[in-house]
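The block underneath contains the structure these notes are about, expressed in structure tokens.
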Amino acid sequence: MPNMTFITPSGDRVEVDAPIGLSVLEIAHRNKVELEGACEGSLACSTCHVIIEPEWYDLLSGATEDEEDMLDLAFGLTQTSRLGCQIIMTEELNGLVVRLPAATRNMML
């Protein structure tokens, strides 16, 4: 089974199994990794913002316009920022590494 690594804001690395077809958000929740996902993956918030390690970023499909609009609301946006709900695990992404930002901004509160 593929795996992936979350790097927490404190720098801890959490390696987890990453079933093909699940989103990074779903994988985080299955493994009790603190990634909010307030809209439960419906692309209505930016609380599942993750920062993709640069060596992995080009392997991802491009962000849609809707995702880019939500990313504009994310705290600490970077050049390799994406929404965890929009990254679907594939065999090609085996070993994916993402960082969790230090904070999130939930516009729904």
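Sequential numbering from 1 along the given sequence is applied to the chain's residues. A quick note: this is a predicted structure, and the numbers were derived from the prediction, not measured.
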Next item on the list: Find out if a path of hydrophobic residues (ILVMFWY) with successive side-chain heavy-atom gaps under 4.5 Å connects I51 to M89.
Entry: no
Next item on the list: Give a yes-or-no answer on whether the side chains of D12 and S10 include a donor-acceptor pair shorter than 3.5 Å.
Entry: yes
Next item on the list: Could you please spell out the steps behind the side-chain contact (heavy atoms from CB on, under 4.5 Å) verdict for T5 and V14?
Entry: CA-CA 5 Å; T5 300; V14 181; 5.9 Å; no
Next item on the list: Check whether W56 and I20 end up in the same hydrophobic cluster, where Ile, Leu, Val, Met, Phe, Trp and Tyr are linked by side-chain heavy atoms less than 4.5 Å apart.
Entry: no
Check: How long is the gap from CD on Q86 to CG on L43, to the nearest 0.5 Å?
Finding: 4.5 Å
Notebook entry, point to check: Are the side chain of E67 and the backbone of R82 linked by a donor-acceptor contact shorter than 3.5 Å?
Noted result: no
Notebook entry, point to check: With a cut-off of 6.0 Å (strictly less than), are more than 12 heavy atoms of other residues, nucleotides or ligands near CD of E40?
Noted result: no
Note to self: Within this structure, what is the SG-CD1 distance for the pair C48 and I87, rounded to the nearest 0.5 Å?
What the structure shows: 8.5 Å
Next item on the list: Could you tell me whether the side chain of H49 and the main chain of F75 form a donor-acceptor pair under 3.5 Å?
Entry: yes
Notebook entry, point to check: Just wondering, are more than 12 heavy atoms of other shown residues or ligands nearer than 6.0 Å to CD in E55?
Noted result: yes
Checklist line | Backbone of I88 reached by a side-chain donor or acceptor of S23 within 3.5 Å | finding: no
Notebook entry, point to check: Roughly how far, to the nearest 0.5 Å, is the CG atom of D66 from the CG atom of L71?
Noted result: 11.0 Å
Next item on the list: Spell out, as yes or no, whether a donor-acceptor pair under 3.5 Å connects the side chain of N31 to the backbone of I27.
Entry: yes
Checklist line | Inter-residue atom distance L96.CG - L60.CG, 0.5 Å rounding | finding: 6.5 Å
Item checked: Heavy-atom check, side chain of L59 versus side chain of E92, under 4.5 Å -> yes
Item checked: Closest non-hydrogen atom pair, G21 against E26 -> O-OE1, 4.4 Å
Next item on the list: Would you give the length of the straight line joining atom CD1 of I52 to atom CG of L93, rounded to the nearest 0.5 angstrom?
Entry: 8.5 Å
Next item on the list: Flag the pair V50 / L35 as yes when at least one side-chain heavy-atom distance between them is below 4.5 Å, and no otherwise.
Entry: yes
Checklist line | Test applied, side-chain contact (heavy atoms from CB on, under 4.5 Å); reference residue, C85; option that passes from V24, T47, L25 | finding: L25
Check: Hey, what do you get for OG (S81) to CE (M70), rounding to the nearest 0.5 Å?
Finding: 14.5 Å
Check: Under a 4.5 Å cut-off applied to non-hydrogen side-chain atoms, are M4 and E15 in contact?
Finding: no
Next item on the list: Please report the closest heavy-atom contact between C39 and A44, naming both atoms and the distance.
Entry: SG-N, 3.3 Å
Note to self: Looking at E36, is its backbone amide N or carbonyl O close enough to the side chain of H29 to form a donor-acceptor pair, meaning the two atoms are under 3.5 Å apart?
What the structure shows: yes
Next item on the list: Determine yes or no for a side-chain-to-main-chain donor-acceptor pair under 3.5 angstrom, with N94 supplying the side chain and N3 the backbone.
Entry: yes
